[in-house]
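For the numbers below, each heavy atom of this structure counts, side chains included, while hydrogens, waters and symmetry mates do not. In the text below, chain A, chain B and the rest are named by the order of the sequence lines, each starting its count at 1.
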Amino acid sequence: SPGQAAAEGRIRLAQQFGIAYLVLDVVRDQHLIEKHGKDAGIDITVEWAQISGATAMNEALLANNLDVVSAGVPPALTMWDRTRGKQDVKLVAALGSLPNYLITTNPDIHTLKDFGPNDRIAVPAAGVGFQSRTLQIEAAKLFGPDEFQKLDAISISLPHPDATAALISGGTEVNSHFSSAPFYYQALAGNQAVHKVISSYDILGGPATFNVLYSTSAFHDENPKTYAAFYAALAEAADWINANKAEAAEVFIRQQNSKLPLELVQQIIDDPENHFTIVPQNTFAYASELAKLGVLKNKASSWQDYFFPEAYGGAGGS
Amino acid sequence: MTDILGFDMPSPARAEPPVRPEYERPLEPLARSAAQAPLPLHRRLWQFAWLRKGLILIALALLWEILARWQGNDLLLPSFSQTLRAFFQDISSGIIPERTINSLNVLLKGYAAGVVLAFVLTTLAVSTQIGRDLLSTLTSMLNPLPPIALLPLALLWFGLGPNSLIFVLVHSVLWPLALNMYTGFTGVPETLRMAGRNYGLRGLRYVLLILVPAALPSIIAGLKIGWAFAWRTLIAAELVFGASSGKGGLGWYIFQNRNELYTDRVFAGLIMVILLGLLVENVLFRQLEKRTVIRWGTSR
Amino acid sequence: MTDILGFDMPSPARAEPPVRPEYERPLEPLARSAAQAPLPLHRRLWQFAWLRKGLILIALALLWEILARWQGNDLLLPSFSQTLRAFFQDISSGIIPERTINSLNVLLKGYAAGVVLAFVLTTLAVSTQIGRDLLSTLTSMLNPLPPIALLPLALLWFGLGPNSLIFVLVHSVLWPLALNMYTGFTGVPETLRMAGRNYGLRGLRYVLLILVPAALPSIIAGLKIGWAFAWRTLIAAELVFGASSGKGGLGWYIFQNRNELYTDRVFAGLIMVILLGLLVENVLFRQLEKRTVIRWGTSR
Amino acid sequence: MDGMTLSEASTRGAAAVGARGDRTALPPPLLCVDGVTLEYRAPGRVVRATQNVSFDIWEADRFILLGASGCGKSTLLKAVGGFVTPREGRILLEGKPVRGPGPDRVAVFQEFDQLPPWKTVRENVAFPLRISGRLGRKEASERAAHYLEKVGLTRFADAYPHTLSGGMKQRVAIARALAMEPRVLLMDEPFAALDALTRRRMQEELLALWEDVRFTLLFVTHSIEEALIVGNRIALLSPHPGRMRAEINSHAWGLHSGGSPDFQAAANRIHSLLFEDGDAHDGKDRQ
Amino acid sequence: MDGMTLSEASTRGAAAVGARGDRTALPPPLLCVDGVTLEYRAPGRVVRATQNVSFDIWEADRFILLGASGCGKSTLLKAVGGFVTPREGRILLEGKPVRGPGPDRVAVFQEFDQLPPWKTVRENVAFPLRISGRLGRKEASERAAHYLEKVGLTRFADAYPHTLSGGMKQRVAIARALAMEPRVLLMDEPFAALDALTRRRMQEELLALWEDVRFTLLFVTHSIEEALIVGNRIALLSPHPGRMRAEINSHAWGLHSGGSPDFQAAANRIHSLLFEDGDAHDGKDRQ
Ligand SMILES: Nc1ncnc2c1ncn2[C@@H]1O[C@H](COP(=O)(O)OP(=O)(O)OP(=O)(O)O)[C@@H](O)[C@H]1O
Ligand SMILES: Nc1ncnc2c1ncn2[C@@H]1O[C@H](COP(=O)(O)OP(=O)(O)OP(=O)(O)O)[C@@H](O)[C@H]1O
Ligand SMILES: [Mg+2]
Ligand SMILES: [Mg+2]
């Protein structure tokens with residue numbers, strides 16, 4: 001029932017679909033939480049759910065149906081912002097830094113300034129969400145702070161797969177897509193005309209965390225052992241991936257029941273741009289930009305404001 | 001009773017009715033219709049539908065408020081008062097009216113197209129065997145398909161923007177309405193059909209002048225269902241695609257606020273949908289029913 | 001014609017029928033029923049509904065194939081043959097059957113709950129004025145709300161997993177069925193109602209033994225609509241909820257394959273939904289209709 | 001009215017008769033229709049069906065209602081059946097006001113659509129017997145067969161109502177009502193759709209059953225001859241809106257008094273009472 | 001059959017009469033019912049309504065169908081109306097096979113639900129006049145008012161059918177049919193729900209109109225007296241399934257020949273023809 005703390009020894013997690021959640025796939029595949037729990041002397045039951053979309057994730061977390069959920073940085077920050085003084089949601093760890101590419105089939109487009117009124121940029125959620133926020137940050141830089149929504153006018157909401165299919169096969173008005181892995185790999189491979197305009201790394205000034213895990217303070221505070229085991233499992237999984245990239249691809253295919261070709265998965269994991277680390281990178285750019293845009297009511301003074309302390313320990317973090 | 005029956009009567013087994021004298025009476029003059037005995041106030045008030053429905057609405061609002069306060073989780077379930085505040089804010093700021101008009105604009109087009117197509121399909125179905133099979137097959141095949149499944153096709157054929165939305169709206173309105181319309185048509189009593197055909201009516205005129213009015217109760221139910229499902233679909237579809245953010249509708253408004261966890265605004269958007277539903281039901285459909293099926297005695 | 005009429009006849013203005021001799025005849029013995037003239041083969045074949053519907057299905061499949069080849073865009077619209085191949089692959093690998101069973105499991109529960117609730121609500125509505133107002137108000141308010149709007153509440157009250165799905169399924173089945181059921185009930189002819197009440201029936205027995213069979217055509221239409229919308233909703237909801245504890249349904253299957261751009265598998269999942277729709281329509285509902293409303297002559 | 005006791009009611013009934021006919025030793029009537037005005041109200045339109053109609057029916061009476069088309073006979077029957085509430089006046093059954101329909105007063109309606117179409121002819125007759133809890137499945141079916149034979153529909157026992165002719169439907173309704181063997185039988189032109197011979201047979205069956213069971217009959221007909229044959233007392237209603245015109249005894253005539261001069265005279269008398277005067281005319285408007 | 005020319009048909013009609021009645025100088029009949037067998041087929045059940053029924057109707061005939069309940073009169077009428085296709089035999093109108101319903105043969109059905117409930121009484125009468133393109137809105141309304149007055153329903157012109165009594169509904173249907181002034185008028189027990197006086201009035205109106213317009217009438221009734229009064233020729237059908245029993249002339253009797261001994265004799269003769277022999281009995285099963 002609502003508000004009641006879950007007993008120590010149970011954790012309910014949800015992940016979304018895709019390669020960006022590889023760390024969780026490994027945790028699950030190797031039963032790492034259970035392992036670290038046993039090391040700490042408790043039996044932990046782990047319940048996994050798959051949920052698509054940040055809003056459903058948030059709602060499940062708020063309804064106390066899940067203890068830890070995963071989504072992009074902006075929705076996680078929004079949750080942090082809105083639940084201050086209530087559930088006090090904070091971020092647990094990053095799931096990796098992966099770039100998003102703005103790609104297009106329009107040969108005339110090479111920078112953001114080249115987009116005309118007849119181009120259409122597909123994003124999963126126009127105006128909000130990771131891709132649109134990133135675009136807005138760049139638009140504010142390029143066209144001035146008041147014009148940050150300039151590209152929203154030609155953005156349209158379309159799920160990644162549909163946008164990718166539209167780009168590869170042509171024949172629709174959608175000619176651009178702010179795409180994440182593995183979709184931009186598929187698009188670039190599937191259609192010669194598709195080319196990259198800009199990457200989120202370019203906008204944020206270097207590798208940036210794509211997805212994060214977040215949880216309520218209640219869970220964090222009342223389940224210290226479980227939480228610690230969970231965090232340790234994440235760290236081990238990230239390390240393992242970087243040491244065993246080939247096997248990691250197999251884990252992904254197995255866990256997600258995926259029919260993607262193994263080579264593609266391997267190519268993505270091997271890509272030096274993709275870092276599978278739980279250390280947050282460049283998240284503060286979002287926190288400060290979104291506060292400036294008025295999306296966040298609370299201004300964070302550093303990234304540590306919205307992370308649980310366990311995350312402070314690692315090297316770096318931003 | 002038995003003792004009374006026993007008195008001065010033939011045995012009950014072979015009861016014989018008493019013979020009474022005959023009588024004739026002069027015809028009573030016509031009296032004015034009796035003034036109805038005035039009902040007590042509370043029963044008279046109870047006769048106003050708007051009052052009863054108003055009470056139901058107030059009760060529901062109270063229930064909501066209590067439930068929300070008890071849950072105390074206003075990011076998931078804001079209280080009625082919070083929602084109302086958000087509603088009036090965004091009404092006065094003009095954003096809800098604007099989004100509503102955008103949505104209604106698309107909705108009405110899709111609805112109208114769905115109604116027309118349903119009519120064409122059912123007319124075909126009542127006139128020919130193959131039309132009947134086609135309707136039954138198409139309905140049972142396509143009706144269960146979720147609109148999002150049609151999205152790629154819509155994109156391919158109708159492109160972005162309102163046309164694709166209209167396409168999925170048609171998909172939502174067409175099948176339930178056609179099903180109901182057809183059911184109504186097949187239920188028209190044989191004698192009435194014969195009377196219509198006896199007038200020399202056939203084809204479209206027969207359908208329009210006989211079958212449609214005779215099947216009106218079913219058709220109205222179909223229209224109501226279609227209306228509701230059009231809204232459901234529109235809002236869901238605006239969430240998924242088609243809203244280029246400049247010209248979003250109510251669905252977009254809801255989606256955006258949901259994304260940003262302004263749950264009170266989400267519910268404000270839903271309130272708008274609810275209000276439109278109540279309006280259409282109580283003004284449009286109710287009037288239609290009063291002027292047709294209730295007046296004609298084909299529905300109570 | 002006029003010349004014939006003119007012959008040996010009184011002036012047409014005051015036509016007088018001719019007087020003919022009377023006759024009496026011995027009563028003809030009863031003949032056996034005339035063997036029906038054998039129809040030509042193609043017309044006899046045409047009488048098999050499955051044949052006609054089969055032809056329609058083949059035509060639709062052909063249309064699809066042609067359209068797909070003409071578009072040549074198999075990421076958005078795979079051809080029928082590609083889809084079929086994917087379908088049989090995943091049938092034989094057991095994945096589609098498994099997912100279908102998972103979905104059906106939830107669907108049937110939600111459907112049954114929706115039907116029961118619709119029945120309760122309409123029974124209330126035919127028995128009391130306030131029940132009637134409640135039904136009309138609730139339907140017009142809640143029916144247009146998209147299931148995703150109810151999701152947060154479902155999560156709050158029913159948690160993650162099948163119960164929330166059942167909740168949104170009920171929302172999809174309940175209102176259209178209740179609307180149709182109620183319309184059916186109000187359309188029952190007065191004489192039939194009186195006959196039923198004359199038997200001493202009242203309350204639930206009156207509804208079950210008189211109103212339900214009399215309103216069956218409408219109810220069946222409502223059940224069909226409810227069935228279809230339950231699928232729509234389930235698939236859409238599974239897309240969002242995905243799989244909890246490893247038990248995804250058809251919606252999840254579709255979502256997963258869509259995410260990996262296996263459009264042929266997406267359509268294979270839809271084919272499964274279509275097949276189930278055809279099955280339920282042609283076996284379940286058709287049989288029900290044949291054994292009830294068609295046999296009773298209340299629907300043609 | 002609600003609180004009236006049985007003895008009050010019976011006193012009232014007897015008194016009413018006393019006032020009308022100067023007889024006193026009568027038992028209380030079974031059914032007492034007292035100053036009943038029936039109206040249909042629709043918004044903006046009030047149609048008065050009957051005005052201030054009173055009559056008493058004793059146990060085992062075969063009471064006939066005669067009147068012009070549209071004069072409110074069916075409405076009156078429905079009021080006795082408990083389907084219509086009087087606007088004014090009251091209807092008492094054994095001294096208790098009629099509150100609603102019940103299987104003690106079984107009605108044959110005038111309309112052809114009174115048979116549930118989802119039951120076969122046999123089931124249509126057996127169904128009310130079973131659900132009123134009177135008979136088991138088997139007994140009900142047997143009794144149904146018995147009465148179906150009486151109305152000549154044995155061959156159609158398994159047919160559904162929509163495959164019957166108009167007259168056959170009415171005969172099923174008659175069989176259904178007779179099989180119920182109710183205390184009071186309400187029949188609204190039950191034989192109107194029957195040919196001469198079948199009609200005659202039905203009249204015979206009805207009277208034979210009455211001889212056996214002595215139910216109380218309230219019978220609406222258009223035929224003056226039928227009224228005289230079937231009834232022992234005939235109430236004549238004026239044209240629309242129906243008001244009491246006369247009550248006439250007809251116990252003297254039965255099935256075989258068809259052609260007699262007395263019978264003719266009575267028929268003529270009724271005819272003139274019914275049609276030769278009256279302020280309103282429905283058969284031909286005088287506007 | 002389809003290709004049969006007009007002259008062939010008329011020859012056949014005349015020949016048929018010749019064979020039956022040894023007369024030759026007859027004009028061709030307007031309506032020729034030739035060996036018609038009518039059946040209702042449901043899966044697993046065939047109900048034969050009529051078997052090998054033949055008769056001819058000439059222009060301006062008032063042709064009566066008489067027979068027991070369930071003998072197929074209504075079905076026969078529907079076949080002539082074009083609503084039912086004969087299983088065997090053929091029905092020719094002016095030598096051309098009847099292919100479907102049409103406003104040249106207007107029917108009054110036996111059922112009470114033949115009035116579109118969404119039209120008022122006046123509209124119900126005026127509507128077919130307008131849509132068959134015969135009259136404009138105003139003329140149609142006037143003609144409707146005229147015929148409504150004839151059936152005594154002027155006061156109810158603005159009422160909806162569901163507020164009418166059974167007999168009133170039938171009168172509206174009669175008014176509607178008369179107002180159409182069709183070539184052939186098909187009436188299925190139109191007066192069954194009417195009281196004696198109204199029935200008499202309706203008979204008078206019908207005959208008066210016939211005097212004026214000389215339409216052709218095919219009339220089903222259960223009343224032998226009504227058959228003799230209204231008709232000039234009466235076809236008698238055997239009980240179920242209906243077969244031809246006799247054709248009898250009745251042009252000698254009219255509205256005022258009610259009590260005469262000749263009339264009585266004719267009625268008795270018809271009665272015995274109809275009911276006193278026959279292999280199958282529907283009024284009382286012999287199984
Ligand atoms: N449902 C109704 N709503 C309004 N008025 C009605 C309704 N039913 C009957 N009436 C009116 O009440 C009057 C009496 O009708 P009722 O059916 O009792 O007549 P009736 O004596 O049975 O006539 P008939 O002999 O033609 O059957 C008529 O004037 C009719 O118009
Ligand atoms: N729709 C139908 N389906 C099957 N059988 C039918 C149908 N209508 C009538 N019948 C059968 O056809 C036969 C003749 O019916 P029809 O209605 O023509 O009789 P009718 O002479 O008009 O009788 P009535 O005088 O009782 O009106 C009856 O045995 C009846 O059971
Ligand atoms: Mg009546
Ligand atoms: Mg008939």
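Remark: of the listed residues K53(C), R286(C), K224(C), K53(C) is the sole one forming a side chain to side chain donor-acceptor pair (under 3.5 Å) with S136(B). Considering T139(C), L179(C), T183(C) as possible partners of I225(B), the one that fulfils the side-chain contact (heavy atoms from CB on, under 4.5 Å) test is L179(C).
Between Q71(B) and W157(C), some side-chain heavy-atom pair lies under the 4.5 Å cut-off.
Note that CD of E281(B) and CG of N143(C) are 10.0 Å apart. Values are rounded to the nearest 0.5 Å. Rounded to the nearest 0.5 Å, atoms CG (L270(C)) and CG (L142(B)) are 10.5 Å apart. Atom CG of L279(C) and atom OG of S140(B) lie 10.0 Å apart (nearest 0.5 Å).
Contacts with chain B were tallied for T298(C), L153(C), V266(C); L153(C) has the most, counting heavy-atom pairs under 4.5 Å. Contact count against chain B (heavy-atom pairs under 4.5 Å) is highest for D133(C) among L134(C), I274(C), D133(C). Contact count against chain C (heavy-atom pairs under 4.5 Å) is highest for T186(B) among T137(B), T186(B), L76(B).
Neither the backbone nor the side chain of L276(C) comes within contact range of chain B; no heavy atoms are under 4.5 Å apart. For a residue to count as touching a neighbouring chain, one of its non-hydrogen atoms must lie under 4.5 Å from one of that chain's; by this rule L60(B) touches chain C with the side chain only. Contact annotation for R258(B): only side-chain heavy atoms (C-beta onward) come within less than 4.5 Å of a heavy atom of chain C. Within the 4.5 angstrom heavy-atom criterion, only side-chain atoms of I56(C), from C-beta onward, approach chain B. Neither the backbone nor the side chain of L75(B) comes within contact range of chain C; no heavy atoms are under 4.5 Å apart. Only the side chain of L57(B) comes within less than 4.5 Å of a heavy atom in chain C; its backbone stays farther off. Only the side chain of L67(B) comes within contact range of chain C, with at least one heavy atom under 4.5 Å from a heavy atom of that chain.
Closest approach of S172(C) and R232(B) over heavy atoms only: OG-NH1, 3.1 Å. For the pair P144(B) and W231(C), the tightest heavy-atom approach, listed with the atom from each and the gap, is O-CB, 3.6 Å.
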